[in-house]
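Please read the structure below before turning to the comments.
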Amino acid sequence: MSILNLFIIIPILTVVGIVLTKDLKQSRLVSAIGMGVQMLLSFVLVYLYLRERATGNTAAMLFTYDALWFPTLNIHYSLGVDGISVAMIALTGIVVFAGIFASWKVTYLPREFFISLIILASGVFGFFISVDLFTMFLFYELAVIPMYLLIGIWGSGPKEYSAMKLTLMLMAGSAMLMVGILGIYFFSSPDHSHLTFNLLEISKIRIPIEMQRFLFPFTFVGFGILGALFPFHTWSPDGHASAPTAVSMLHAGVLMKLGGYGAFRVAIFLMPEAAHEQAWIFLILTSISVVYGAFSAAVQNDLKYINAYSSVSHCGLVLFAVLMMNQTAMNGAIVQMISHGLMTALFFALIGMIYGRTHTRIIQEMGGLMKVIPFLGVVYVIAGLASLGLPGFSGFVAEMIIFTGAFQHVDVFHRVITIVAASSIVITAVYILRVVGLLLMGPIKNDHFLHLDDAKWYERISTITLVLAITAIGVAPFWLTNMINFSLAPIVEKLSAIQITSLF
Amino acid sequence: MNFSDILTMRHELMLTLLALVVLIIDLNLHNRNKHLIIPVTLVLFFLHTVVGFLPAEKSILFGGMYRTNSLLVMMKNILNIGVLIILLQSVTWLKKEENREKISEYFVLLFSTLIGMDFMISSGDFLMFYLGLELATIPVAALAAYTHHNTKSAEAGIKLLLSSALSSGILLFGISLIYGSTGSIYYDTVMDMYQNSPMQVMAFIFFFTGMAFKISLVPFHLWTADVYEGAPINVTSYLSVISKGAAAFILIIVMFTVFNKLAPVYNHILYLISVLTMTIGNLFALRQKNMKRFLAFSSIAQAGFILLGILGGNVLGMTSVIYFVLVYIFSNLGAFGVVSAIQTVTGKESMDDYDGLYATNPKLSLLMMLALFSLAGIPPVAGFFGKFFLFASAASAGYYWLVFIAVLNATVSLYYYLLVVKAMFINKNETPLAYFKSDLATRTGLILSGLGIFILGFWSQIYEVINSLSFGIIH
Amino acid sequence: MADYTYTLLIPLIPLFMFLLLGLTGHKMKPVISGLIGTSGLGIAAILAYATAIKYFWTAHVAGTPYVSIKAFEVSWLHLTEKLTIHLGVLIDPISVMMLVVITTVSLMVHIYSIGYMKGDPGFYRFFSFLSLFSFSMLGLVLATNIFQMYIFWELVGVSSFLLIGYYYEKPSAVAASKKAFIVTRFADLGFLIGILMLSFNTGTFDFQTLTDPHGPAIASLGGAAFMGMSVLTWSMIFIFVGGAGKSAMFPFHIWLPDAMEGPTPVSALIHAATMVVAGVYLVARLFPVYALAAPDALHVVAWVGGFSSIFAAVIACTQTDIKRVLAFSTMSQIGYMMLSLGVSGFGGEEGLGFMASNFHLFTHAMFKALLFLGAGAVIHAVHSNEIKDMGNLRKYLPITHITFLIACLTIAGIPPFSGFFSKDEILVAAFHSNKILFAIEYIVAGLTAFYMFRLYYGIFWGKKTHYHHTPHESPLVMTIPLMILTFGSVFAGFLPFHDMVTADGKGFESHIDWMIAIPSVLIGVIGIAIATVMYKNETAIPDKIAGTFKHLYKWAHRKFYMDEVYLFVTRKIIFRYISDPIAWFDRHIIDGTMNGIAGMTVYAAYAVKGLQSGKLQQYAFVFVGGTVILVLIFVYLV
Amino acid sequence: MLNQVMFFLFGAMIVIFSLLTVTSRKILRAAVFLLFVLISTAGLYFALNYNFLAAVQLTVYAGGIVVLIIFSILLTSHVSERAVMAPFKQSLLSALATVAGATLTLMTILQFTFVPNAAADPHFNITDVGNALVSYNRDGYALPFEVVSVLLLAAMIGAIVVAKKEKMLKK
Amino acid sequence: MIQNIPLSYYLVISTLMFFIGIYGFLTRRNLITMLMSVELILNSVNINFVAFNRYLYPQQLQGHFFMLIVIAVAAAEAAVAIAIIINIYRNFKSIDVENVDEMKY
């Protein structure tokens, strides 16, 4: 029995535990314990992973567990992690933990809320530990669906519309994904005799190039929709704006990462030739995402919309870097996923906390909050600075790795487009400072705000956890990048084995 | 022909016996005690279901008119389970004062249609096929018109009966041409003799429309919604689940055996019909407010998915269709069970009446949600697996665009399934339906379908068993 | 080689102070937090002096070139096979010089702030930010590689942002901080692109490798060309854009005057002495690359510097806010330094400009910090920034008056104050290189003397202003730093910079070129004289002159409308012409398309509704029709 | 020759009376026309030498079903009632579809060559028919025969359930 | 005698009858007349079966028996249909098919 099974078992136990509870107090306690254990477990996993690597184990996936599930189709319940997924799991653990504390005061149907939240989380965990495309897809959809209820029941604003839009768009994404995955499966064996869903085994063979050309766009866009790829990103602003705090955190923080991770793990890894051929199309789209999201964020007035568009921009950068297909840029993409996951979770947590106090998210209606809620204010500034890529926080590390890596591309087109994408950092600064200026600084505009309470202890736990993680990566990125690099190396080796022809 | 041969026909024989026993008991019961028939029948049918699971041998009786093997027996068992759940779910309704006088008739009619389906599944020639088809249809029309005082019920009855008469007329015309061109009504001979001459293709199309009528494929589906809406709820669920399931089984058997040589032609037809069915079914389902009508159109859309498996043409496709039908039976029975429970107790069957249901009847709402998710193909419930395998089988034959269209349609279907979920969980309602407690039988039925929805997906053994029995297109 | 590992402590101590004050400062008494911050910086300053003494004198063998020493280096982030970001400490003449400048000014400002910021509710916050800034700036100058520099570059920027926006309840301060950050951020983008291009072409971030005249970097460059200039030139220009942003060179200068919204000590530290010279330091740091491989880029540096210096000087003459006058003066002086670098050659006498630039940087730090702190004392006394609210203050603030006067003389280039020496070297260097630039510098020298004395007279002489509260001299804690800095301003000129800080590390002989020095002094004196005539006593002359050159005056007074251009760019272009349309596009076109698809589906659902008419015969018709069509298609058409 | 005359006579009667059945304005008359069609069909069977079938056709179809239909017509409408005809548009569309269908079908059928299996013309007497009916081997029809009985039983029960009045309920 | 009359003649008659039945089904407003149209359809199929059997495969009785079964089924169908029609007559006081459209869309 591999340790990875625990990542599925613990959420199930937690859900069972919540079912047995009676009220908010008990259910949130159970959830906090469950997800706390889950977070610790993810840290333990990081430790065990590093120790295992230190002993010289160079297998692509560690802690593998494999059980044949549907023998006919050769579907396995197959688990395993490499450095990349370990990092993503740690991210998920942290964000989910923080999310539980950010929703400490859910009073309406609390048990249902926590159950949905944990189902969502387990979908994400399952996705990251899956080695089998089928289970990966299963967990992917499992993670998407609780969103509907979470937004629809506990959300605010035009929640029903947003929830529906989000769900349908993501399911449309999974429609494309379905085609991609089935196509990969049916070409996973050169002589069609030993079809498999196993990622590692498929990666050993070469899918016929005609099929790759056909399947790659499906797979990439399918994941891309979840990764807020332009122009399929519009579920994100509405969805995030309407979602309750913890859901925004989880969704922007980890669920959107499924897109980037999948695009990398499935689309590019398994279909490198087509990826090389078609990368330029998606590079253009993603660089539009990056800049476009930032510009859009600059004129939004709703805090959540700002952050949602900022996520479009940042997640665009993830896909952008993945498409660069060299080790450094891909490394950056993964660091960016983690970094953005933490930052945006922090943002959404803070927005939720501020909204809980001021009952508005329109920045023009607020002002001078730094004075009355200094803790939240300071953390907001930290989050903002992290988001605009200040050294010392994770965002800087991620962006710099991406830009440096992307700029190392031999092709001029790639370098030019890197500069285009890099220009987003200025616009990011514009909108972040605009928010900080309007929201926290200046005179207090509303007398009600004079009597706001600063963060409660559970809110502090939630935010400090995230700030610590952001800073830790920002100050000491090397352990993370080394871990990722090790696992990236064989993947990049496979990618770079392909003859690269310049576009221009 | 000896005793063991008769044993291989146990499904049909026992059901006939069962129907007669019910009739006889009914004749000997005083009017006041008519309701005693219900538990007796339930127990007997349960026994029948259990006996159905006894191992079966492959055999051919009546000179090829009746065939049976493990696969066919399993299909019948699947139908039996579905019927058992429907019977459980209809107990409350049957006990109502207005139905008191007609309890045994309900059972007898239901069983006779089931006999018809069993014969249809086991048929080895077109004669038995046709007989089974009619036996499976005519009593259902009577059942649809079961509720006298309800004009809708009568309307449903006549619409079903006349439409089916027309469709079986066309089907018969097709059969007659098949007979004329091959010289036989026996499947094995037809299979050998069939060529793809235009006349035979036309004969096939006539035949196919009759089948398409049964499983409500567009454009032969128009009766479905009206009949589903008008018929008593349990009859509706019988029609949508058992009738359609049986028709799907037979369709796949016929397509994969008798008309196997036609595959290059009928694949095109199926492609077209499948796209039409999914899309039109979804479009209509989008704006339905009546739950029965809503589920009717949803089940039309589901039928479109079934064709994907047939398009696959291989063992995988056959397995997937059978498995999907099994999953579909449980999912739809979950949904219909809830609608039935609510309709029987409160008389409400509009989607608006479901607003805020979760507050008062959380368990029903949860079951409904699971069932709808299963119908929509959302993990971890069984529908996801069912759909996935269907798509896989279509993809295995290279129909990637069809898979894409189908999954997009599944997304649209998710929209309207979520509308119901939204009604139950999100919509606010000042006066939601009051809490009520269903009786034991109904609850058992609901729990059984709920369990099925949950277990079928994870328990791969079921899929594997089906797979081990399936054969795909015989070349 | 001597061991300099301890220099690591110089930036780390302020970092520690920042964390200490930032996390626990709100629980301390204000004075305690001030003292803690100050003492931390004090230790850093002592270490910096020790390093300077050791490097320039005790550990240095006379006659040998100064070498650059990597005192400490760790790998921080591995990027590609060739590129790794290191964090370390690089000891060489300019970094040591900068250590001294930064720690000195910072220490003075710390001490001064204990008095200046007294009673402010965010006292600890102020000191923690100061520590953060000191840490960042020290890290910047000690950087061993260009990426480390970029990291600290950004940190410096954010500390500046935090300190400008220190009075965050004041909208103007918030706006100023925002502006400063965004403008420098924009320039930093250029820096980043420059780094990317440079590292792509050379495969290294490391300064020592990059600047080694015989190293592979310089030798291998100049190959690929783009738009008539080598890629290297382009990358160096981009890097200079970053430097120009931080150093408030035209056209990125617009943030600097607004940055005066910050507390005055901050202006002294960041916007006069240290951060704004980072651009100069950057160019100086990469000087061998500029000089040896990208002369075109160096021309750009020279002309941007020259233009900025005269541009700012003209504006300075018309400003009425004393801190803004000083701000434009700073910009003008930094233009001098840039110009000096731009006209410099590499080795020996050729490298005079390099030396002069650093020399001026050093002296400028002293006297400009002094000017700002003096201005701070004045503002502290009269609670206003406007010259019109001042006048005749010399008897109320005697110490401030004297120190301010000396500083004015220094900046005006009057011997024997330090400004004279450093400015003279720059003029010489310019004279040998480009006569037009040289002429500009002469004019600027005169203008500088003029506007500084305009300021001086406006504050300490001029009209008899009536004060609500009698102004009084600042406490000792504020005047002592003034005196120390006065000392520095007066005597810094005698440091033998030409032996210590040179482009190639080797010393060279340098003399005062009297042919250039005397006219420059004269020009300074003339400037002072005009200012004396116009402003010593309240006269109508200034208004008349302003009236005569009405348009020029107005233009200069409005800073040549650069703020309006900036507003145009941000408000109009970015927000109205880019962001708003994009947001609209997103909501209406992209989102509209998605909603449109949904709407179409629903519309289609209603459109096909008639199919299900409820009429049995219509159903049958469709049935039959369907069958016939199927037959037609699949029997006859396919 | 006689056969040919009979065939054309019956064929013409079938087609004409069929048309009259579906176009007649009087329902009862339509039923009578249907009876004629069925009788003509029986005549065809006679002509084909399937006497048993002809007999069944006459007794069950013509005698049973038509009578049933006539009874129900009498039950549900007045004898003199003129049937409401479909609107012109509906008739036209239906006619078009039907004609198209008929053309298509006939074209397809007629271009197909039906190959006789045997040239011989074996003679069946009623014993053979009876034997086949109870035989359970190939070409034996015992099973359908039994199943039809189930069907008839079910139909009977169904008809009763549907048609019986609810007065028992009211009791 | 069958030598005199080709099989196709029978087929033409049956096909015509079949489509006439369908036409009736599509146009007759009275439910009972619709039922009669169904009988026409079934009858045409019967002719087909019998003709095929007689002409092509006379040594077996498949079409022969098929026709018998169809008649039986038709009887059963008619019985149930008439029962429902009578029920409808009770409910709607009419057996016009146009009135039976309570459920739609």
Side-chain angles (χ1 to χ4, degrees), chain D residues 3-4 7 11 14-15 18-19 21-22 27 30-31 34 37-38 41 44-45 47-48 50 53 56 60-61 64-65 68-69 72-73 75-76 83-86 90-91 94-95 98 101-102 105-106 109-110 114 116-118 121-122 124 129 132 139 141 144 148 151-152 155-156 158-159 162-163, chain E residues 1-2 4-5 7-9 11-13 15-17 19-24 26-30 32-33 35-37 39-40 43 46-47 50-52 54-62 64-65 67-69 71-80 82-87 89 95-96:
Chain D
N3 276 331
Q4 271 169 312
F7 173 79
I14 285 174
V15 175
S18 295
L19 272 173
T21 310
V22 298
I27 302 167
L34 174 67
V37 174
L38 298 179
T41 315
L44 277 189
Y45 297 163
L48 286 171
Y50 282 154
L53 286 186
V56 171
V60 178
Y61 234 142
I65 298 177
L68 196 63
I69 286 174
S72 58
I73 291 173
L75 208 58
T76 55
V84 187
M85 298 313 283
Q90 188 185 348
S91 304
S94 307
T98 322
T105 315
L106 276 178
I109 291 177
L110 293 181
F114 291 94
N117 202 340
D121 190 2
F124 280 98
V129 174
D139 288 320
Y141 300 90
V148 161
L151 172 64
L152 289 171
M156 228 158 70
V162 172
Chain E
M1 69 140 226
I2 59 171
N4 299 335
I5 304 156
L7 171 64
S8 51
Y9 285 24
L11 296 180
V12 171
I13 288 176
T15 309
L16 286 177
M17 191 176 172
F19 280 98
I20 290 169
I22 285 180
Y23 175 78
L26 295 182
T27 51
R28 298 308 302 240
R29 299 280 294 267
N30 188 300
I32 294 177
T33 44
L35 187 65
M36 282 154 58
S37 307
E39 301 303 342
L40 282 182
N43 205 48
N46 283 349
I47 294 178
V50 173
F52 281 136
R54 186 69 187 81
Y55 273 79
L56 304 176
Y57 320 108
Q59 62 274 60
Q60 290 135 4
L61 287 172
Q62 292 177 348
H64 185 274
F65 277 96
M67 179 265 179
L68 282 177
I69 299 291
I71 289 180
V73 170
E77 210 167 62
V80 175
I82 285 170
I84 298 176
I85 289 171
I86 287 172
N87 194 11
Y89 183 70
I95 49 170
D96 192 327

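The figures that follow rest on heavy atoms only: side chains count, while hydrogens, waters and symmetry mates do not.
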Return the minimal non-hydrogen interatomic distance between [X] and [Y], and the atom names on each side.
| X | Y | answer |
| --- | --- | --- |
| L11(E) | L106(D) | O-CD2, 4.4 Å |
| A83(E) | A163(D) | CB-CB, 4.0 Å |
| V22(D) | S37(E) | CG1-OG, 4.1 Å |
| A78(E) | I65(D) | CB-CG2, 4.1 Å |
| R28(E) | T21(D) | NH1-O, 2.8 Å |
| L152(D) | A72(E) | CD2-O, 3.8 Å |

Less than 4.5 Å to any heavy atom of chain D: does that hold for the side chain of [X], its backbone, both, or neither?
| X | answer |
| --- | --- |
| I95(E) | side chain |
| D96(E) | side chain |
| I82(E) | side chain |
| F52(E) | side chain |
| R29(E) | both |

Part of [X] within contact of chain E (heavy atom distance under 4.5 Å):
| X | result |
| --- | --- |
| L68(D) | both |
| V148(D) | side chain |
| L19(D) | both |
| Y50(D) | side chain |

Heavy-atom pairs under 4.5 Å with chain E - which of [options] has more of them than the others?
| options | answer |
| --- | --- |
| L151(D), L38(D), T41(D) | T41(D) |
| A31(D), A155(D), G64(D), S94(D) | S94(D) |
| A132(D), G101(D), G158(D) | G101(D) |

Do [X] and [Y] come close enough that some side-chain heavy atom pair is under 4.5 Å?
| X | Y | value |
| --- | --- | --- |
| L48(D) | Y55(E) | yes |
| L75(D) | Y89(E) | no |
| L26(E) | Q90(D) | no |
| N46(E) | Y61(D) | yes |
| V60(D) | L68(E) | no |
| M17(E) | V37(D) | yes |
| M67(E) | Y45(D) | yes |

Return the OH to CG distance between Y141(D) and L61(E), rounded to the nearest 0.5 Å.
6.5 Å
Distance (rounded to the nearest 0.5 Å) between E39(E) CD and S18(D) OG:
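Output value for this atom pair is 12.5 Å.
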Given T33(E), which of I27(D), L34(D), I69(D) fulfils the side chain to side chain contact (heavy atoms under 4.5 Å, CB included) condition?
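When side chain to side chain contact (heavy atoms under 4.5 Å, CB included) is applied between T33(E) and each of I27(D), L34(D), I69(D), only I27(D) qualifies.
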Mind ranking [options] by heavy-atom pairs under 4.5 Å with chain D and telling me who comes out on top?
| options | result |
| --- | --- |
| L35(E), I22(E), I47(E), V12(E) | I47(E) |
| I69(E), I85(E), I86(E) | I69(E) |
| V50(E), V73(E), I84(E) | V50(E) |

Carefully, step by step, assess L16(E) and I14(D) under the rule side chain to side chain contact (heavy atoms under 4.5 Å, CB included).
CA-CA 9 Å; L16(E) 286 177; I14(D) 285 174; over 6 Å; no
